[in-house]
Amino acid sequence: MHALNVENAVKTYRNTKRVVTAVDGASFFVNDGEIFGLLGMNGAGKSTLIKMCTGLIPPDGGRISVFRHDAVTEREIAKSLVNISPQETAVAPSLTVRENLQFIARIYGADKLAAGRAADEMLDGLKLAERANDRAGKLSGGLMRRLSIGMALITKPRLAFLDEPTLGLDVVARHELHRLIRARKADCSIVLTTHYLEEAKALCDRIAVMAHGKITAVGTVDELESLSGESDFERVFLKLAGERLEP
Ligand SMILES: Nc1ncnc2c1ncn2[C@@H]1O[C@H](COP(=O)(O)OP(=O)(O)OP(=O)(O)O)[C@@H](O)[C@H]1O
Ligand SMILES: [Mg+2]
């Protein structure tokens, strides 16, 4: 079964100065249990697409479904199956690290005891136990991101969206996160965005390239290589994204 189905999704932002079609007819699917990478240049539309998939913003067109539940007409069911670690981390700065985790677990229906247990498990998994009682607002950027990822995974979603999860993480934290993501794979599908191409290559079962609001290619690393006729993955990506480096 597909964890996610996106058909012709469209999102246009309108403000007084300009109109931007951030997502312009994007289509792809994610298999259950898959780690799926969404790659694209800055402004390609990745975060907008993810926000639509998680019900944070409504699509202007097309159809998005999560485990066959429509993201608009069955929004509550679809939302209950997903969670997101947004690009702009959304932690409550005045709560402690542990309280942030507990708070999210409680919102998703865990009782106090279960929420505490889940928080402690997540603190260990993310190597944040030492900072459990510090105010989240006092964390460094990388630690804050780790907490945000914990908040996305603590609800045990069937499908988690991690928007640039490893941005600003040190090399150990990055490894730990990769381990955590792989360990979750059995019961959680993951969609992640990253600008680190080697990371996408190492971690993702399949990768989609997005450019100007559209998905331009989807496949395994091998498939993308043969599709683009390139072997160096940076070149593969640039070609599929329709970009080139100035000499
Ligand atoms: N709230 C908004 N209002 C108006 N325009 C927006 C808004 N959010 C995003 N955009 C515009 O939509 C386009 C796509 O943005 P988006 O954040 O989805 O890209 P992205 O692929 O996630 O980029 P990055 O790699 O930099 O995170 C950009 O042109 C951006 O400026
Ligand atoms: Mg983004």
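For ligands, and for the atoms within them, numbers begin at 1 and follow the listed sequence. One is the number of the first residue; the rest follow in order along the sequence. Computed from a predicted model, the values in this text were never measured in an experiment.
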Answer yes or no for Met210: is there a heavy-atom contact with ligand 1 below 4.0 Å?
no

So which protein heavy atom does atom 25 (O) of ligand 1 come closest to, and at what separation?
Lys46 NZ, 2.7 Å

Would you check whether Gln87 has a nitrogen or oxygen atom less than 3.5 angstrom from a nitrogen or oxygen atom of ligand 1?
yes

For Arg206, look at atom CZ and say whether over 12 heavy atoms of other residues, nucleotides or ligands are found less than 6.0 Å away.
yes

Protein contact of atom 1 (N) of ligand 1 - nearest heavy atom, named by residue and atom, plus distance:
Tyr13 CE2, 3.7 Å

Using a cut-off of 6.0 Å, state whether more than 12 heavy atoms not belonging to Arg174 lie near its atom CZ.
yes

Numbered in order shown, the ligand 1 atoms found under 4.0 Å of a heavy atom of Glu164 are 25 (O), 27 (O)

Taking atom CD of Glu243 as the centre, report whether more than 12 heavy atoms of other residues, nucleotides or ligands fall under 6.0 Å from it.
yes

Tell me, please: is His195 in heavy-atom contact with ligand 1, that is, under 4.0 Å?
yes

Would you check whether Gly43 has a nitrogen or oxygen atom less than 3.5 angstrom from a nitrogen or oxygen atom of ligand 1?
yes

Salt bridge flag under 4.0 Å for residues Arg158 and Asp187
no

To which protein heavy atom is atom 26 (O) of ligand 1 closest, and what is the distance rounded to 0.1 Å?
Asn42 ND2, 2.9 Å

Can you find a protein heavy atom closer to atom 30 (C) of ligand 1 than 4.0 Å?
no

Flag Gly45 as yes when one of its N or O atoms lies below 3.5 Å from any N or O atom of ligand 1, and as no otherwise.
yes

Closer than 3.5 angstrom, by distance alone: can the side chain of Asp111 be matched with the main-chain N or O of Ala114 as a donor-acceptor pair?
yes

Main-chain N/O of Pro86 paired to Asp163 side chain as donor or acceptor, under 3.5 Å:
no

Any idea which atoms of ligand 1 are less than 4.0 Å away from a heavy-atom of Ala22?
12 (O), 13 (C), 14 (C)

Per-atom filter on ligand 1: closer than 4.0 angstrom to a heavy atom of Thr48 are 15 (O), 16 (P), 18 (O)

Lys/Arg-Asp/Glu bridge criterion (N-O < 4.0 Å) met for Lys185, Asp205:
yes

For the atoms OG of Ser47 and OE1 of Gln87, give the angle they form at the Mg ion (ligand 2), rounded to 10 degrees.
80°

Can you tell me if an N/O/S atom from Thr193 lies under 2.8 Å from the Mg ion (ligand 2)?
no

Using a distance-only test with no angle check, is there a side-chain donor-acceptor pair under 3.5 angstrom linking Glu199 and Thr194?
yes

Between Arg131 and Asp134, does any side-chain N to carboxylate O distance fall below 4.0 Å?
yes

For atom 22 (O) of ligand 1, the option (of Ser47, Ala211, Gly213) bearing the nearest heavy atom
Ser47

Hey, is the Mg ion (ligand 2) within less than 2.8 Å of some N/O/S atom on Asn42?
no

At less than 4.0 angstrom from any non-hydrogen atom of Val20, what atoms of ligand 1 do you find?
12 (O), 29 (O)

If we count only N and O atoms by modelled type, under 3.5 Å, do the side chains of Ser80 and Tyr108 hold a donor and an acceptor together?
no

Looking only at distances, can you tell me whether any N or O atom of Ala44, backbone or side chain, sits closer than 3.5 Å to an N or O atom of ligand 1?
yes

Decide, yes or no, whether a salt bridge links Lys11 with Asp24 under the criterion of side-chain N to carboxylate O below 4.0 Å.
no

